[in-house]
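Each remark here refers to the structure printed beneath this line.
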2 protein chains.
Amino acid sequence: MSARPHSTIAEFPQSRTSTTCAACAAYDLSLCRTLSEAPLALQYSEYTVPARRILCRQHELLDVVPVICRGWAASIVMLSDGSRQILSFLLPGDAVSTALLFDARPYFMVEAITDVHYRGFKRSDVRTVLARQPDLLDSFCRTWAQATARADQLIVDLGRRTADERIARLLLYLAERLAQRGMTQRGTMEMEFPLRQHHIADATGLTPVHVSKVLSEFRRSGLIKISERSLTILDPERFQRIGHMR
Amino acid sequence: MSARPHSTIAEFPQSRTSTTCAACAAYDLSLCRTLSEAPLALQYSEYTVPARRILCRQHELLDVVPVICRGWAASIVMLSDGSRQILSFLLPGDAVSTALLFDARPYFMVEAITDVHYRGFKRSDVRTVLARQPDLLDSFCRTWAQATARADQLIVDLGRRTADERIARLLLYLAERLAQRGMTQRGTMEMEFPLRQHHIADATGLTPVHVSKVLSEFRRSGLIKISERSLTILDPERFQRIGHMR
DNA sequence: CGGTGTCTTGAATACCATCAAGTCTTGTGG
DNA sequence: CCACAAGACTTGATGGTATTCAAGACACCG
């Protein structure tokens with residue numbers, strides 16, 4: 001696999017302008033609002049990085065907890081032979097990793113998929129706030145528990161499911177998360193979909209070549225429409241059956 | 001795959017005798033001690049179940065948080081076609097799942113591998129104690145963060161590594177955890193090892209047949225000795241290279 | 001306009017699953 | 001104590017799914 005020379009770390013925090021949070025697709029779901037608004041009003045830095053840029057590197061110290069405001073990112077483990085495994089896709093409102101609060105040295109990197117806008121909260125600030133606000137801590141833990149459940153589900157998918165099943169389940173899972181954020185066309189199963197096939201491959205433990213073949217087959221059988229950075233699930237019922245074959 | 005008619009749920013809590021915790025291999029590591037001893041002295045029930053018995057079922061309500069005292073168990077997701085994926089092995093001192101504190105309905109089952117002795121703490125008790133003791137909460141979260149890291153590591157293994165690598169890494173990981181608990185022969189890499197090959201298969205996303213072939217190959221090349229419920233890593237250095245090939 | 005990234009398709013190959021038969025051990029009831 | 005059944009493991013033959021290799025089409029960008 002090829003080196004990616006364009007990947008350089010984000011370096012320059014923007015001035016902390018009051019960004020239009022109304023644009024954040026997950027404003028209501030997210031911890032971000034609670035942390036940044038009164039009465040807590042934690043300080044944070046804001047960053048904007050272009051697609052394909054690295055937000056933070058594997059094994060490098062990180063003293064902020066990043067929260068995505070706009071765009072898609074992914075947390076990725078890179079192996080020494082260049083192969084990659086995506087642990088999770090990060091959508092607006094997602095904190096990069098809940099576990100990051102307790103370990104300053106992530107074992108994965110975070111890479112922007114689209115242009116990404118994000119905030120970095122100081123770890124120590126977040127921890128003191130959580131320690132003082134039991135209800136906040138509780139909702140934080142619930143979010144963490146959800147992430148744990150998703151990770152375990154992914155383990156099952158990678159361990160025991162075929163390529164068709166893995167890909168169908170990934171797409172359905174993303175569709176569900178986008179719907180929660182109001183990021184699908186109202187009523188339909190149509191959504192903006194910035195993932196490249198190599199992202200799908202890295203998330204499902206497959207090769208890009210095989211992903212291409214499976215998606216083509218899905219397209220031919222009228223299950224999905226996928227093109228021009230957009231995805232439509234045409235036959236949700238049949239598509240879900242493929243994801244739940246076992 | 002076959003139905004396992006012998007698996008019935010553990011039903012009868014024993015009388016709450018003061019068990020000899022000195023025998024617990026992970027007494028110092030575990031939350032269990034802190035929870036059960038003064039000054040907290042939480043109430044708990046104690047259970048002993050034979051090998052292959054189910055401690056708790058997938059999707060069934062559970063109002064206690066089990067902590068393993070003796071023996072090996074595994075948390076397992078079962079799919080409708082009978083195939084199984086082991087999420088984690090549970091050793092003495094392990095709580096069944098940290099996430100279980102926030103979701104009473106586990107998406108996995110827990111099965112005893114050897115005879116298992118465990119305690120069940122009431123979820124609500126544990127939560128109130130955690131809420132009141134910041135240092136306890138902190139160490140709880142650190143344990144959770146470790147479990148999260150292990151799950152992510154497993155995702156990488158299943159997504160991007162070959163059978164040889166997966167199996168070698170599993171054995172090394174277990175050896176490391178056993179060593180932490182003083183459950184290896186002092187100085188050597190020899191340990192009691194109750195796993196059947198089908199457990200290894202279910203944990204690595206492989207078939208028992210293939211596990212057998214890989215283990216035989218490891219044995220032939222003098223990497224490990226594995227027989228009679230015991231495992232010795234004969235050539236740790238070479239074995240680790242196999243686990244870290246990429 | 002070349003360069004890079006993305007996607008597609010086909011052919012050859014590798015890895016692991018499946019199927020099957022046989023050995024050995026373990027546990028159980030007669 | 002023996003007979004029998006079930007579980008655990010091994011080994012070889014065969015097959016399928018996904019990888020690797022390769023070539024070409026297409027879009028986008030500086």
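This is a predicted model, so every value here is computed, not measured. In what follows, every chain begins at residue 1, and chains take the letters A, B, ... in the order their sequences are listed.
- In this pair, B/Trp72 and B/Phe193 present their aromatic rings perpendicular. The plane angle is above 60°, beyond the 30 to 60° band.
- Between A/Leu195 atom CG and C/dC7 atom C1' the separation is 15 Å, expressed in whole Å.
- Between A/Glu111 and the choices A/Arg57, A/Arg84, A/Arg53, the salt bridge (charged side-chain N to carboxylate O under 4.0 Å, His left out) rule is met once, by A/Arg84.
- Rounding to whole angstrom units, CG of residue B/Leu215 and P of D/dT10 are separated by 7 Å.
- Note: NE2 (B/His210) to P (D/dT11) measures 14 Å, nearest angstrom.
- Atom CZ of B/Arg161 is separated from atom P of C/dA14 by 22 Å (rounded to the nearest Å).
- Rounded to an integer number of Å, the gap from B/Arg52 CZ to D/dG7 P is 6 Å.
- Look at A/Asp115 and A/Arg70 and you find no salt bridge, because none of the NZ, NE, NH1 or NH2 atoms lies under 4.0 Å from a carboxylate O.
- Looking only at distances, no side-chain donor or acceptor of B/Ser221 sits under 3.5 Å from a matching main-chain atom of B/Leu223.
- With D/dT11, C/dC16, C/dT9 as the candidates, the nucleotide lying closest to the side chain of A/Val209 is C/dT9.
- If you measure from atom CD1 of A/Ile167 to atom P of C/dC7, you get 13 Å, rounded to the nearest angstrom.
- Between D/dG7, C/dT8, C/dC7, one nucleotide has an atom nearer to the side chain of A/Arg219 than all others, and that is C/dT8.
- When heavy atoms are screened at a 4.0 angstrom cut-off, A/Arg229 is found touching the sugar-phosphate backbone but no base atom.
- Using a 4.0 Å cut-off, no side-chain N or O of B/Thr207 falls inside it from OP1 or OP2 of C/dC16.
- When the P atom of C/dT26 is taken as reference, atom CD of B/Glu228 falls 8 Å away, rounded to whole Å.
- With D/dT11, C/dT6, D/dA18 as the choices, the nucleotide that has an atom nearest any side-chain atom of B/Arg220 turns out to be D/dT11.
- Distances shown here put a side-chain N or O of A/Gln197 below 4.0 Å from the OP1 or OP2 atom of C/dT8.
- Where B/His198 and B/Ser216 each meet DNA chain D at their nearest nucleotide, the meeting point lying more 5' is that of B/His198.
- Between A/Asp81 and B/Arg160, no side-chain nitrogen of the basic residue sits less than 4.0 Å from a carboxylate oxygen of the acidic one, so the salt-bridge criterion is not met.
- Between B/Ser212 and the phosphate of D/dA8, there is no side-chain N or O to OP1/OP2 separation shorter than 4.0 Å.
- At whole-Å resolution of the value, CG in B/Leu206 and P in D/dC9 are 15 Å apart.
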